[in-house]
Amino acid sequence: MGAKRVASAAGTAAIVYVALSGRLSSASGDAVTIDAARRRRRSAEEGEEEERWPERAPASWREALAVAARTAGFAFAETLGKWPLADIAFGINHYMRIQGNLQHEYTGSSSVPLDGPGVRQELIGLLRYLRLCMFFSKKPYEVFLEFGGYGQSDILIRKSKSQFMKPAFTVVRDGSTKSFLLFIRGATSTKDRLTAATAAEVPFHHSVLLQDGRRSNLVAGYAHCGMVAAARWIADQAIPCLRKAVEQFPDYRVKIIGHSMGAGIAAILTYILREDNRLSSSSCTAFGPAACMTWDLAESGKDFVTSVVNKNDIVPSFSKASSANLRTEVMASSWAPDLQEQIQQTRILGFVNSSVNLMRSHIPFVSNAGSDSDHTSMDELNLSENVCAAVQKHSALSCWSSVAVNTQILKSLVNPTQGIPALMSAYRGTEQNTEKPTTAGEPASCYPGQLNHQRSDAVETDLEEKATYQEHMDQLLKAFRSSRMASQEPHQLYPPGRIMHMVELPEPEELSTGEQCHQNEVVAIYETPRSMYGKIRLARTMIRDHYMPRYIETMEMLIDKLAEDEDDTDNRLD
């Protein structure tokens with residue numbers, strides 16, 4: 001155990017070093033490093049803006065370390081580099097609350113409900129594949145063999161240890177279905193998660209073999225970099241073995257199965273295998289697949305790829321483009337009132353509030369003076385408005401890290417560690433300003449009888465400052481939009497093939513308590529359009545619904561419901 005920890009720490013330190021230094025310390029005679037340097041020089045001479053991401057698994061540990069370091073930088077740039085901590089802590093939670101549960105959108109007019117005996121039998125087969133996939137991913141290999149009823153002679157390939165862009169997989173001969181089942185493990189280790197985090201888009205294409213032996217038109221697009229590299233590596237390992245197996249058992253078919261990242265790799269691998277004449281009947285079952293390919297590629301696989309999605313699972317709709325759209329929506333939804341309410345409920349402000357009440361109860365002129373009480377009301381109004389304005393300014397400017405604006409303002413407003421202290425200082429600054437007679441500002445329209453001629457000048461000055469501020473904000477917004485249009489937008493990725501979405505909705509009656517609501521939930525399955533997965537729908541269970549036990553639970557409920565529907569239909573006929 002100690003040796004593993006030391007090795008893990010050493011590997012982490014090496015990745016951090018490479019990420020910070022941006023170069024590898026290798027011998028001058030290293031052919032891989034020399035080739036990489038030549039490619040970089042050639043790319044610079046040709047005017048390419050960015051080095052291309054690899055489309056195959058790294059061939060050496062040096063290359064793997066370089067790609068892993070680049071992945072770490074890419075993952076940081078796409079997460080904390082774009083999402084300020086304040087938006088993550090407050091904005092997402094607020095947007096999730098106002099958005100509500102959107103599971104009903106998967107049952108719209110564009111979705112096709114699936115029911116009947118045929119669907120139930122299909123789900124029974126899918127449930128068996130899912131259980132086998134879970135045993136391969138979570139249990140010892142011997143337990144997987146025992147659960148599936150496989151012997152040692154049924155094992156064609158076994159790769160139990162995963163590497164970066166080289167996931168664990170196995171190929172077994174399944175006599176009950178006359179299939180060669182290829183299971184791909186999902187992201188269960190740090191190396192697998194690095195593969196999933198290599199989410200840059202790379203070009204990918206395939207051509208489908210027709211029944212007369214001819215090739216159809218080439219379908220081109222983009223796919224997930226890490227999954228494409230992993231699929232190509234598995235193809236290199238498995239294709240020779242599968243060719244021999246199909247020649248020995250010509251009536252057997254190849255079925256690729258995976259969950260999460262493994263499902264995305266399985267779908268891409270199926271595209272690759274079907275280009276081989278002897279493996280052109282390969283098909284794929286993907287449980288909770290990651291958004292891994294562009295629209296045309298995903299649509300072209302509807303005949304041989306089946307994707308199963310559970311309830312609020314976020315993974316099939318999570319990609320660079322959809323997360324960027326979510327970020328825009330979160331920042332467009334003003335979470336300032338929600339944050340202000342949370343600040344007002346802190347212990348510090350509660351202590352201030354109790355202190356003020358104590359002073360009012362013991363000092364007569366504070367609690368009885370009519371004009372002073374009116375002035376206090378104006379001060380409190382000014383206080384809340386200034387805090388709200390400060391929070392809104394923080395939310396509005398938090399996304400402009402790429403625009404050349406005042407560095408001091410951005411550091412004080414965008415830095416997540418200074419968010420709450422900045423708001424507290426806004427409270428203190430407002431309290432100091434309210435002592436001056438010229439801070440009437442905007443509440444003048446609420447108290448016209450208390451304004452004099454001197455305050456009218458302050459109002460005009462305040463309006464001019466607001467107009468100037470609005471003009472500056474419009475200029476910054478225009479520059480931000482123009483820079484966004486000039487930059488290359490990320491490609492929207494989708495789950496592959498035909499999509500079957502299991503939905504759980506509450507019945508319209510008897511929804512009083514949470515326990516009754518859970519008992520009265522109705523499970524249904526729909527074939528949903530791909531366009532539904534270009535948007536991230538936030539939910540409290542969006543992570544939990546992605547796990548395989550939750551998939552199994554929902555499928556069992558769905559199979560039982562379809563069986564009850566069949567019995568009800570038979571009783572009516574009798």
So is Arg56 actually on top of Trp233's ring, under 6.0 Å and inside 45° of the axis?
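No - Arg56 does not lie over the ring of Trp233 by the 6.0 Å and 45° rule.
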
Lys NZ or Arg CZ of Arg537 over Tyr106 ring: under 6.0 Å, within 45°
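Geometry flag: set, cation within 6.0 Å and 45°.
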
Salt bridge check, [Y] against [X]: does any charged N sit closer than 4.0 Å to a carboxylate O?
{"X": "Arg498", "Y": "Glu122", "value": "yes"}
{"X": "Lys139", "Y": "Glu142", "value": "no"}
{"X": "Lys561", "Y": "Asp565", "value": "yes"}

Looking just at side-chain N and O atoms, do [X] and [Y] make a donor-acceptor pair shorter than 3.5 Å?
{"X": "Glu504", "Y": "Thr554", "value": "no"}
{"X": "Ser300", "Y": "His206", "value": "yes"}
{"X": "Asn325", "Y": "Ser322", "value": "no"}
{"X": "Lys255", "Y": "Ser283", "value": "yes"}
{"X": "Thr195", "Y": "Arg193", "value": "no"}
{"X": "Thr71", "Y": "Thr198", "value": "yes"}

Can you confirm whether Lys302 is buried at NZ, in the sense that more than 12 heavy atoms of other residues, nucleotides or ligands lie under 6.0 Å from that atom?
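Counting other residues, nucleotides and ligands, NZ of Lys302 stays at 12 neighbours or fewer.
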
Could you measure the distance from the [atom1] atom of [X] to the [atom2] atom of [Y]? Nearest 0.5 Å is fine.
{"X": "Arg185", "Y": "Ser260", "atom1": "CZ", "atom2": "OG", "value": "13.5 Å"}
{"X": "Thr541", "Y": "Ile314", "atom1": "OG1", "atom2": "CD1", "value": "10.5 Å"}
{"X": "Phe169", "Y": "Leu269", "atom1": "CZ", "atom2": "CG", "value": "8.5 Å"}
{"X": "Asn101", "Y": "Met96", "atom1": "CG", "atom2": "CE", "value": "11.0 Å"}
{"X": "Ile256", "Y": "Phe304", "atom1": "CD1", "atom2": "CZ", "value": "10.0 Å"}

Would you call the rings of [X] and [Y] parallel, tilted or perpendicular, where under 30° means parallel and over 60° means perpendicular?
{"X": "Tyr141", "Y": "Phe144", "result": "tilted"}
{"X": "Tyr222", "Y": "His491", "result": "parallel"}
{"X": "Tyr252", "Y": "Phe180", "result": "tilted"}
{"X": "Phe135", "Y": "Phe147", "result": "parallel"}

Side chain to side chain donor-acceptor pair (under 3.5 Å) between Tyr547 and His259, worked out
CA-CA 9 Å; Tyr547 297 136; His259 170 262; over 6 Å; no

